Structure formats: structure tokens, C-alpha cells
Amino acid sequence: MKRSAAEIVREYGPFPGVEAVHGVTYDGTHVWFASGDRLNAVDPDSGKIARSIDVAAHAGTAFDGRHLFQIAEDRIQKIDAATGKVLSTIPAPGGGGDSGLAWAEGSLWVGQYRERKIHQVDPETGKVLRTIESKRFVTGVTWVDGELWHGTWEGEDSDIRRIDPETGTVLEQLDLPAGTMVSGLESDGGDRLFCGGGDRGNVRAVRRPRRG
Amino acid sequence: MESLITAAARALEAGDPLGALNRVALRNDAPSLALRGIAMAQLGDLAKAKTLLRSAARAFGPREAVARARCVVAEAEIALVSRDLGWPAKTLAAARATLEKHGDLANAAHAGHIEARRLLLLGRLDEADRALAELASAPLPPASQVVRELIVAGIAIRRLRTTDARAALGRAAQAARLANIPALLAEVDSANLVLDTPAARLITRGSEHPLLLGEVERLATSTALVVDTFHHALRRQGRIVSLGTRPVLFALARLLAQAWPADVSREALIAGAFRARHADESHRARLRVEIGRLRAELTTLAEISATKQGFVLSPRKTRDVLVLARPVEEKHADVLAFLSDGEPWSSSALALALGMSPRTVQRALDELARSNKVQSFGHGRARRWMTPPVPGFPTGLLLPGPLLKT
């Protein structure tokens, strides 16, 4: 297992009226983050909030190319990114103990915080297809280049780790500075990972290490 | 962060404890227990709240030291509001240290404020002052500033420093408007009321009038001989004769001072000081002895001379004699003074605060209850006393800041 300090490239926020960041995703242009009662789209260049959607947003956020998925209470809402309308909802697999959310390979991936699990879920029905066990409280989840990354946050310690999607074994770990929280994780498809800063109300861009 | 926990925490923050309970009522994980505890505290079920917070503190893992410390602070605040003053201060201090170490300065300050409020209630003003000074440097959120200034004002009022008290209450009001919490504004208002309500009565030359706290304070610099019924002492500027342990001598001194410059008959002195209806020869003999003792105590402040019918007081080095008395004098006024803060008190906490034996306090409470001046609820050790009517029960329950966000 490779372990190193996370390299924080940039910090966004804190943003006015945002007390905490609960989930993060990226739509190719904007970084979206959930702040309780709305979803906010941040321009990653200017660092400003470009747009927001009023919708219950208590935990993880994901994007499938057209729709935003957002956990609220014990369900996952499917939201039309263009209009902001909630199109449908499915039950969340953790029954409200859910935290991170990612979209990959036609499935939703949901982190269940205190249970230290990641569930693969059918986005139409909410059916749990399989479950990966982690060693730590799971916050954000993301897939990039066939790699499964998730954020952890247990007590005072947070890190971002790449795990084997079959066995749950930790392959790589990026430690965040003490007292820093990770709530929500999303890759930009390149070498940046966006992570929510919990009740600091900010979003950080962390460099994803290159292999080779 | 967990979805339902976030939703429930937001409901709590928005002042919707039932909404929060709805979301976590059936869950028994640590954050849910903590949330339910706070919701129950806000709903006024302090006993249930205490149990839940204690279970939550146990359920948080060893790595979740901050979450656990916040539960301890919340439990301490519930103990304070329940007037459970015997609550272990060490546990609170340890929780405060943990919060400080992990950079949660706002909640660390909250913990310090709870300790300072406890000391203030116990009348340990210097210690309360020190507890506040230890927290002085960090910038606090407005709600914490209000609490801090209320404690500063409380200490100043107890020390009869009305200018300081008013300044602190001014700052408290400003911070309360910033925090925009109506309960806090109301608390500041009721503290202000203390300064604008007569705190004492001045009796001199047979007449009397009410005094505000500020006027009582100015009296401290008066050159008159002051008979202070609050402290059971006689004083003239820096010179003080305390008669706290000699109630008969103090009663005689007071009777003489109230009549001054006239004299007081032997019958009146005997009736007033010995609580005897008919004066016989043995009472007269005792009076002579007691007056002799009083004379010895007061040599530097006043002289007592016999007149045809009784005795007269003549103050030394001043032309004025004042009696400072409580606004309404009744039995057990000291017990009532504590209960008038509108909070439920246990008789043991009252005993601790008044420095009396629990048995004496219990007798006073029973007597006051018979005349409907106090009421109690609960049974056994959980029994609490308060004065009717009760403004907004429980007041002062602010609870630690973001208890549940992590």
C-alpha cells in the first residue's frame, strides 16, 4: 500500500450562507456541492458559485452525464441538471446512514458511513447489487480510470484512499492534514480529486497521483 | 456525513426538535443518540436528555473524542439548568481540554462558560472571574459572546458594580441582536430588569424609600453609619463590624438605627430582639447584658446611651444613620432570592449555594410551599423547586455549537 500526504492544489470557499459541505460532484464544467437545502455549482477557475438548485441535499452527490443524484434523508433524488426538477427518487441503501455517492458503469455507488460499507445500487430501482467492505467510515465515493476512491473521516482523521473494488483492500492512501475533514469526493476525470471540507464549508482540490 | 443525521441536525438548528426526532427516533447509533438527547433537552425532558447524551458519549468510538466531549458539555449544561450543582467539574474541564486541543474553540468556550455560570451561582465570584479570564482571547460566535457578557454582568451585579454590569449587558444585547436568538435577547432583558428594579430599601429617620442597585452601590462611599441587613454588618466607610453570628445584637442595632435620632423603649427592644410579647424583669436584665455586648462591639462606630424609657444610638464621626434592608422583608428571603432566577433548583443545590444545611433549606422550602411562594415537581432526588410563575422553562439551555456535524 502506498501512503503519502495529500497534495492540496486549491481551496474553494468558504461560501456565503454555506455552513457545511455534504457531497461533491463534477459535471465536466462545474463542481457541484450539497449544502443542506441546495446544490451549488462552482466554477473551478473563478471559484465563484455560478448556479444553485433548491433541493434537499444532506449527503452525497453524483452526476451521470445528464442527471444529478442527491441523497436527502433516506432517499436518493434524481434531478434534471438543466431544470433542477426532481424526476424520481429511490430508497437509499443505508436507510439514512448514507454518506457518499458516485456514478460509474451504469450504477450508483453509495457509501454507508458508520457501517464502513460501499453499496453498488441499481439507479432505477435502488436494489443493492453488491457491497464492498471498507475499514473506515466512508464519506465520499468516486470512480476514475477504473479506480475506486473513497474518502474517510473517523474522529479527527481524514484521508482519501483507493481500494480494490473486489476485496476492499486499501491500495493507496492520501492523508489529509490533521483536523481536515473529507465529506464528499469526486474526480474530474483527470488528476484532480475534489473533496468537501465538512463543516468548514469549503471544497478542496487534491492531486491524484499518476501511476507509471 | 450521514444523510439523516445531517437532516435531523438541520431540523434541530432550525428549532424543530420534533422534526429531528422523527428522523432518528428508531436509531441507536452514537450521533442519533446525541441528536435525540438534544431534541429531548429542547423539549424540556431533561432527565431523558441526560440519559441519551450519556449513552451517546459511550457509543462514540475512541477516535471520536471531540464528539464525545461535546456530549459531556451538553450533559453539563443540562445539569446546570437542572441546578444539579454537584456535577463533576473535572469531567467538564477534561472535555474542555479535548475540545481546545482539537481546535473546537467555540465549544471549548461554551464549556468554560458553563463552569463560570456554576461558580457564579455558587457565589464563588473570584473563581468565576478566573474561569472567564482563561477563555478571554479567542474570538467567539455572537451567541457565546452573549453568554460571556451575561456572566460578566452577573459577577458585576453580585459585586455591586452597576456601571460594569450595565456596560456588559449593553455588549450582551448587541451580540444577542447579531446572534438573532430571541431567547437570548429575552435573557438580556430580564438581566437588565435587575438593574432597574429596586434592590433594597433605605430606612432613615423613620422614613423609607426604595433603592436601585446603582444607588446601593453609591451608598458604599457614603460617610453615614450604615446598618446593612444584607450582610448583617454595621459600617462607616472602610470600618466594618460584622454581626453575622450574633443575630440578637444585630436586631438591637437595627432597631436603634431605625429609630435614630429618637430613642427606643425597652419594651420595643425586648419585643423586637427577643421575640417576647411581655417584658418581665428577666428580659430587662438580659437586655442590659446584650446592650453591654453591643456597646463593646460598636465602640469605634457608635455609642449607646440609656434614656428614660430605653436606649438611643449616637453615631461617631458622622451625622447620619442609614438602614439598608431588602425590598420586601420576609422569612427565607435568601432562599427566595435564589429561586427567583426562574430555574428549577434541587434543595441540595440550594443548600450548596446558600451555604446552609440541607435540613434547614428543606424546612424553609416546606414553609414557603405552604404559603404558595414556591412550588415543587418531581420526587425524591429528582425533586425541584421553583418560584411561580416560571418564565420559559428551561431558560439558559443553549447547548454546544455544532454538536452533530461530525
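The shown structure was predicted, so the numbers you read here are calculated from the model rather than taken from an experiment. Below, read A as the first sequence line, B as the second, and so on, with proteins coming before strands; counting in each chain starts at 1.
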Rounded at 0.5 Å granularity, tell me how far [atom1] in [X] sits from [atom2] in [Y].
X: Glu19(A); Y: Thr6(B); atom1: CD; atom2: OG1; answer: 12.0 Å
X: Glu64(B); Y: Phe137(A); atom1: CD; atom2: CZ; answer: 4.5 Å
X: Asp199(A); Y: Asp104(B); atom1: CG; atom2: CG; answer: 8.5 Å

Exercise for the section: Check the surroundings of atom CG in Leu87(A): do more than 12 heavy atoms from other residues, nucleotides or ligands lie under 6.0 Å from it? Expected result: yes
Problem - Glu127(B), CD: over 12 other non-hydrogen atoms inside 6.0 angstrom - result: yes
Problem - Contacting region of Arg27(B) [heavy-atom separation from chain A under 4.5 Å] - result: side chain
Fill in the blank from the handout: Between Leu4(B) and Gly95(A), the two heavy atoms sitting closest are CD1-O, 3.5 Å
Practice task
Pick one of side chain, backbone, both or neither for Asp37(A), based on which atoms fall under 4.5 Å of a heavy atom in chain B.
Solution key: both
Practice task
Salt-bridge test for Arg10(B) and Glu73(A): reply yes if a basic N is under 4.0 Å from a carboxylate O, no otherwise.
Solution key: no
Completion exercise
Looking only at Gly97(A), Ala92(A), Gly140(A), Gly94(A), most heavy-atom pairs under 4.5 Å shared with chain B are made by Gly97(A)
Fill in the blank from the handout: In His58(A), Gln112(A), Arg114(A), the residue satisfying side-chain contact (heavy atoms from CB on, under 4.5 Å) with Glu2(B) is Arg114(A)
